[in-house]
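Here's the structure we're looking at; comments come further down.
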Amino acid sequence: MNKYRTHTCGELSKNNKNERVLLSGWINKKRDHGNLLFIDLRDNYGLTQCVVDNKNKNFKELEKLQLETVIKIDGKVLEREDQTINKDLSTGEIEVSIISYEVLGKTKELPLPVFSDQEYSEEIRLKYRFLDLRRKQIHNNINLRSKVISFIRKEMESMNFYEFQTPILTSSSPEGARDFLVPSRLNPGKFYALPQAPQQFKQLIMISGFDKYFQIAPCFRDEDARADRSPGEFYQLDIEMSFVEQEDIFKVVEKLFIKLFKEFSNKKILNTKFPKIKYEESLLKFGTDKPDLRNPLIIKDISDIFSRDDVKFDLFKKLTKQGKIVRSIIAPGTRDKPRSFFDNIDKWAKDEGSNGLAYFTFLKEGGKISGKGPVGKFFSNEACEELMKICEAKDGDSIFMSCGEKKDVENILSLARKKIAEDLNLISEDAFAFCWIVDYPMFELDEKTNKIKFSHNPFSMPQGDTEKLDLSRPLNIKAYQYDIVCNGIELSSGAIRNHKPDLMYKLFDLAGYNKKQVDEKFSGMINALSYGAPPHGGIAPGIDRLVMLIANEKNIREITMFPMNQNAQDLMMNAPSEIDDHQLKELKLSINKKK
RNA sequence: GGGGGUGUAGCUCAGUUGGUUAGAGCGAUCGCCUGUCACGCGAUAGGUCGCGGGUUCGAGUCCCGUCACUCCCGCCA
């Protein structure tokens with residue numbers, strides 16, 4: 001028999017009545033009645049109420065024990081009387097009468113209480129993460145994360161995927177995010193880079209003939225944090241398959257996600273066949289390539305209405321004549337909203353850095369539609385009716401309009417779409433809405449340099465007949481490149497890869513890399529593609545974001561065991577830290593401290 | 001790099017138009033209490049009001065600077 005416990009703290013029930021048991025755990029809470037003391041003992045599995053009275057010779061000592069002390073209880077299981085049963089506790093029908101005890105681990109005064117639903121500063125939580133992780137919700141989240149990853153592994157294996165590890169110390173690549181660099185001792189002056197993703201390796205695995213690969217892969221990118229983005233490191237479910245088309249990848253992911261979300265969440269999945277939305281269409285209808293499809297509002301282009309003579313809105317007329325565009329969102333059923341509702345949204349839009357939103361309400365009076373509100377008077381009855389037709393608006397709905405460059409209009413209306421829907425409570429919180437965004441452009445124009453660059457993954461396969469590709473118009477080339485989005489959160493990008501080296505040289509040439517540069521920067525890949533590469537493709541959903549969605553958490557730290565803070569510091573382990581001179585010497589490095 | 005929010009006891013927070021000795025709950029320490037499960041009651045200790053400077057007879061409160069944490073923009077093929 002184990003000397004610490006015969007049972008866990010979540011295990012005992014009426015069936016164990018009158019048994020002599022050993023329990024070990026933390027003192028979660030004490031309730032001291034002077035001559036009668038209750039101790040809630042907690043471990044990973046649950047909570048058991050232990051009880052002792054003043055007839056026990058250890059009573060005075062037990063009364064003095066601090067919360068979070070680790071103790072072992074030797075006691076007897078008693079059935080509770082009906083009035084004292086705790087229905088909120090799995091072990092609530094019993095309690096353990098303490099016969100003797102032993103302190104296994106003492107505690108200093110706690111910097112943060114474990115038994116509490118209060119929120120604490122991130123600084124204290126991260127510094128004392130081992131205490132924070134004892135708290136119920138985050139403890140459950142971390143366990144959930146483990147179960148999710150385990151479930152994914154089993155599902156992937158059942159679909160005949162093999163899990164392979166890829167190197168952590170690899171080479172820096174020119175495209176993409178900032179690399180984390182590791183100096184090489186044996187090769188002074190040279191550096192490894194931590195992988196931003198195992199992109200090239202997984203393609204090499206396919207070229208090596210391994211057909212179906214997956215990995216719960218750590219990825220490292222030296223970019224600034226966000227609430228849903230840890231600084232430095234995160235995990236991807238990295239997937240790659242040979243002899244597949246886009247649709248084959250979709251099938252695998254849809255099957256996995258539907259099973260996964262059904263297993264771990266009670267929320268409903270709005271479309272079990274995930275809708276496919278073209279990139280261009282998504283930008284028009286939602287203003288973004290990561291639309292939240294729980295949100296029913298749709299953006300419409302209404303630029304043409306401003307060329308009508310019965311529309312007198314001079315500012316927008318002037319701007320549209322100069323080539324600017326106007327798009328709009330309908331806020332349904334807002335006839336009775338106070339002026340402050342509209343002004344708040346306009347003010348909010350200005351705070352977001354836009355020129356604000358023009359708005360008015362469609363009102364039917366005496367059989368005619370007119371516009372009520374600041375700019376309503378500029379639109380004739382007929383123009384209003386035409387607008388309502390375009391926007392599918394009804395009497396009593398309001399229209400918000402943004403005018404400007406396409407990119408700016410998309411940006412602010414995408415935010416406004418979310419803001420208005422939230423203000424009007426139109427988003428159902430108890431649902432998951434997945435969709436695929438497809439047909440991404442291969443290239444885009446770099447706004448700063450005005451040069452052609454890869455818009456996503458440079459290894460993607462262009463669509464159409466690759467022998468007859470019109471390379472003179474690179475911005476028109478679409479790629480077999482796709483994203484999967486859930487509730488407005490981008491979970492993953494993927495692509496069918498370009499496995500033809502000749503074509504790859506041509507595409508890289510358009511993005512400003514000559515053959516020599518490609519050979520240098522992507523030597524592993526480009527060389528391998530020349531020795532019989534299978535058509536292949538894949539995807540890499542972010543594990544952290546999947547768990548966030550399932551756990552219904554807004555911040556990635558709530559589902560990460562030991563996260564860093566916003567400045568990429570580990571406050572518990574004191575990373576990053578300075579290093580000894582002899583370490584620097586060995587690496588032939590010197591530090592150039594800025595003054 | 002830029003913008004917003006926060007910073008008062010070990011923890012979570014309150015603190016009025018600037019005004020005597022800066023408060024509460026939890027936790028800690030001590031005492032009372034035999035059926036609680038956020039047990040109850042009483043007492044005690046615990047503060048460089050993030051830090052520095054300024055205005056003022058007087059600053060937790062107003063002003064300037066700075067630091068920390070956080071959210072957002074940039075960035076994230």
Side-chain angles (χ1 to χ4, degrees), chain A residues 28-42 47-56 59 63-64 66-68 78 80-89 91-92 95 97 107-128 131-132 135 173-179 196-197 199-200 219-232 234 351-354 411 415 440 442-444 446-448 453-460 479 481 483 490 493-495 508 511 521-522 540 542 554-555 557 564-567 569 571:
Chain A
N28 192 59
K29 190 72 188 166
K30 284 188 308 186
R31 289 173 297 281
D32 187 352
H33 293 243
N35 293 311
L36 178 72
L37 171 68
F38 296 101
I39 293 177
D40 289 340
L41 200 66
R42 182 196 72 236
L47 212 64
T48 300
Q49 173 166 286
C50 303
V51 65
V52 64
D53 68 15
N54 59 359
K55 294 183 198 90
N56 188 306
F59 184 74
E63 265 188 313
K64 299 272 180 262
Q66 279 190 49
L67 300 187
E68 295 308 309
L78 301 181
R80 295 204 208 179
E81 289 176 28
D82 284 353
Q83 308 97 302
T84 62
I85 286 173
N86 185 343
K87 290 196 175 98
D88 299 330
L89 221 53
T91 60
E95 61 192 357
S97 173
T107 177
K108 297 199 281 189
E109 187 174 349
L110 299 171
L112 66 91
V114 171
F115 176 65
S116 169
D117 292 329
Q118 277 175 7
E119 293 190 28
Y120 312 101
S121 74
E122 287 295 329
E123 199 172 359
I124 207 105
R125 289 184 64 188
L126 293 182
K127 186 167 178 193
Y128 296 96
L131 287 177
D132 190 36
R135 297 168 62 218
S173 69
E175 290 276 321
R178 202 175 289 118
D179 284 317
Q196 296 182 22
Q199 181 62 40
Q200 293 190 57
C219 304
F220 306 89
R221 295 176 192 176
D222 187 4
E223 298 294 353
D224 288 353
R226 288 288 183 274
D228 64 349
R229 202 169 84 203
S230 285
F234 62 97
D351 289 345
E352 289 290 333
S354 79
N411 187 37
L415 296 170
Y440 275 82
M442 189 82 210
F443 299 99
E444 63 187 11
D446 189 316
E447 281 183 359
K448 286 174 204 149
K453 63 170 189 178
F454 288 109
S455 67
H456 278 75
N457 187 327
F459 304 126
S460 299
Q481 163 92 38
D483 275 13
E490 183 191 325
S493 292
F508 267 98
K521 298 290 184 187
F522 306 102
K554 295 273 183 291
N555 195 295
R557 290 186 299 274
M564 296 199 283
N565 70 6
Q566 192 162 45
N567 295 322
Q569 299 160 339
L571 299 177

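Protein chains get the first letters and strands the later ones, always in sequence-line order, with residue 1 at the start of each. On a predicted model such as this, the values are computed, not experimentally measured, just so you know.
- Among the heavy atoms of the strands lying under 4.0 Å from A:Phe454 are primed sugar atoms or P, OP1, OP2 only; no base atom is included.
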Intermediate values then yes/no, side chain to side chain contact (heavy atoms under 4.5 Å, CB included), A:Asn565 and A:Glu122: CA-CA 8 Å; A:Asn565 70 6; A:Glu122 287 295 329; over 6 Å; no

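- Using a 4.0 Å cut-off, no side-chain N or O of A:Arg31 falls inside it from OP1 or OP2 of B:U36.
- Among all heavy-atom pairs drawn from A:Glu109 and A:Gln66, the shortest one is CA-OE1, 4.0 Å.
- The two residues A:Thr107 and A:Leu110 have their closest heavy-atom pair at OG1-CD2, 3.6 Å.
- Residue-to-nucleotide contacts include no donor-acceptor pair under 3.5 Å from the side chain of A:Glu119 to the base of B:U12.
- A distance of about 16 Å separates the P atoms of B:C62 and B:U8, rounded to the whole Å.
- Across all strands, A:Ser121 comes closer than 4.0 Å only to sugar-phosphate atoms, never to a base (heavy-atom distances).
- Of the two residues contacting RNA chain B, namely A:Asn567 and A:Ala177, the nearest-nucleotide position lying further toward the 5' end is that of A:Asn567.
- The residue A:Ser493 sits apart from the nucleic acid: no heavy atom pair falls under 4.0 Å.
- By the 4.5 Å heavy-atom criterion applied to side chains, A:Lys30 and A:Leu67 are counted as neighbours.
- Distance noted for atom P between B:U16 and B:A22: 15 Å (whole Å).
- Comparing the C1' positions of B:U6 and B:U66 gives an interatomic distance of 16 Å, to the nearest angstrom.
- Among the heavy atoms of the strands lying under 4.0 Å from A:Pro458 is at least one base atom, whether or not backbone atoms are also near.
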Contact letters for nucleotides 2-8 of chain B, in which S counts primed atoms plus P, OP1 and OP2 and B counts the base, heavy atoms under 4.0 Å: -------

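- For A:Asn35, a side-chain nitrogen or oxygen approaches OP1 or OP2 of B:U34 to under 4.0 Å.
- Taking atom P on both B:U56 and B:G50, the two are 23 Å apart, rounded to the nearest angstrom.
- For the OP1/OP2 pair of B:C73 and a distance below 4.0 Å, the side-chain nitrogens and oxygens of A:Asn411 include no atom meeting the criterion.
- No hydrogens or angles were tested; on distance alone, nothing pairs the side chain of A:Arg226 with the base of B:U70 as donor and acceptor under 3.5 Å.
- Atom name C1', nucleotides B:G5 and B:A45: the rounded distance is 34 Å, in whole Å.
- When the C1' atom is compared between B:G1 and B:G74, the two are found 8 Å apart, to the nearest whole Å.
- Among the heavy atoms of the strands lying under 4.0 Å from A:Glu95 is at least one base atom, whether or not backbone atoms are also near.
- Counting non-hydrogen atoms under 4.0 angstrom, A:Leu47 reaches nothing in the nucleic acid.
- Contact annotation: side chain of A:Arg229 to base of B:C76, donor-acceptor pair present below 3.5 Å.
- Counting any heavy atom pair closer than 4.0 Å across all strands shown, A:Arg557 reaches sugar-phosphate atoms only and no base atom.
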Return the polar atom pairs (N/O with N/O) between nucleotides 24-32 of chain B and the protein under 3.5 Å, or none.
from  : atom 1 : to      : atom 2 : distance (Å)
B:G27 : OP1    : A:Lys29 : NZ     : 3.3

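- Within 4.0 Å of A:Gln49, counting heavy atoms only, lies at least one base atom of the nucleic acid.
- Using a 4.0 Å heavy-atom distance criterion, A:Asn565 is classed as a sugar-phosphate-only contact.
- Judged by ring centres under 5.5 Å apart and planes tilted less than 30 degrees, A:His33 stacks against the six-membered base ring of B:C39.
- Considering only side-chain N and O atoms, A:Arg125 lies nowhere under 4.0 angstrom from the phosphate OP1 or OP2 of B:C11.
- OP1 or OP2 of B:C71 sits under 4.0 Å from a side-chain N or O of A:Gln566.
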